[in-house]
Enquirer: 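Just passing along the structure, written as C-alpha cells.
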Amino acid sequence: MLNSNFFVELIGMGELIGFVVIVGYAAGVWKFWSGFRKTNFNQSLSNRLSLSLLWPALYISNKSYRQNFRKALKG
C-alpha cells in the first residue's frame with residue numbers, strides 16, 4: 001500500500017519538471033531572439049517572433065533551422 005507522502009512527492013516532482021521545462025523553453029526563446037540578427041532568416045518582426053516561439057518544434061524537425069539556431073546562440 002502506498003503512503004500519502006508518495007503522492008505529495010510525485011506531485012512535487014511533476015511541478016519541478018514542469019518548471020524546468022518552462023524555464024528551458026523561455027531561455028531558448030530569449031537566446032534565439034537575442035541572436036536573431038546572426039541568422040540567415042528574413043529580419044522582419046513577425047518572422048523573428050514566430051521563429052523564436054516555435055523553436056523547439058523547428059529545432060527537432062528542420063536541419064537548416066538547427067544551424068541558424070546555433071548561430072543565434074553564439075550571438
Enquirer: Running the 4.5 Å side-chain criterion over Ile, Leu, Val, Met, Phe, Trp and Tyr, what cluster does Ile22 land in, apart from itself?
Expert: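 Besides Ile22, the hydrophobic cluster comprises nothing; the residue is isolated.
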
Enquirer: So which atom in Asn68 and which in Phe32 form the shortest heavy-atom distance, rounded to 0.1 Å?
Expert: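 The answer is O-CE1, 4.3 Å.
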
Enquirer: Count I, L, V, M, F, W, Y as connected when their side-chain heavy atoms are under 4.5 Å apart, and connections chain through other members. Are Ile17 and Val20 then in the same cluster?
Expert: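 Same cluster: Ile17 reaches Val20 through Ile, Leu, Val, Met, Phe, Trp or Tyr contacts under 4.5 Å.
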
Enquirer: Is there a side-chain contact between Leu49 and Trp33, using heavy atoms and a 4.5 Å cut-off?
Expert: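 Of all side-chain heavy-atom pairs linking Trp33 with Leu49, at least one is under 4.5 Å.
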
Enquirer: Let me have the donor-acceptor pairs involving side chains of residues 51-61, under 3.5 Å, with sequence neighbours excluded, atom names and distances please.
Expert:
residue	atom	partner	partner atom	Å
Ser52	OG	Arg48	O	2.7
Trp55	NE1	Tyr25	O	3.2
Ser61	OG	Ala57	O	2.8

Enquirer: May I ask whether Leu45 and Phe41 are part of the same hydrophobic cluster, defined by side-chain heavy atoms of I, L, V, M, F, W, Y residues being less than 4.5 angstrom apart, directly or through others?
Expert: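 Yes, it is one cluster - the side chains of Leu45 and Phe41 are joined through contacts under 4.5 Å.
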
Enquirer: Decide yes or no on side chain to side chain contact (heavy atoms under 4.5 Å, CB included) for Asn40 and Lys71, but give the supporting numbers first.
Expert: CA-CA 9 Å; Asn40 297 331; Lys71 286 181 188 178; 3.0 Å; yes

Enquirer: Could you give the distance from CZ (Phe36) to CG (Asn47), rounded to the nearest 0.5 Å?
Expert: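 Phe36 atom CZ to Asn47 atom CG measures 5.0 Å (nearest 0.5 Å).
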
Enquirer: Of all the heavy-atom pairs spanning Arg37 and Gln43, show the shortest one and how long it is.
Expert: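 In this case the closest contact between Arg37 and Gln43 is CA-OE1, 3.4 Å.
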
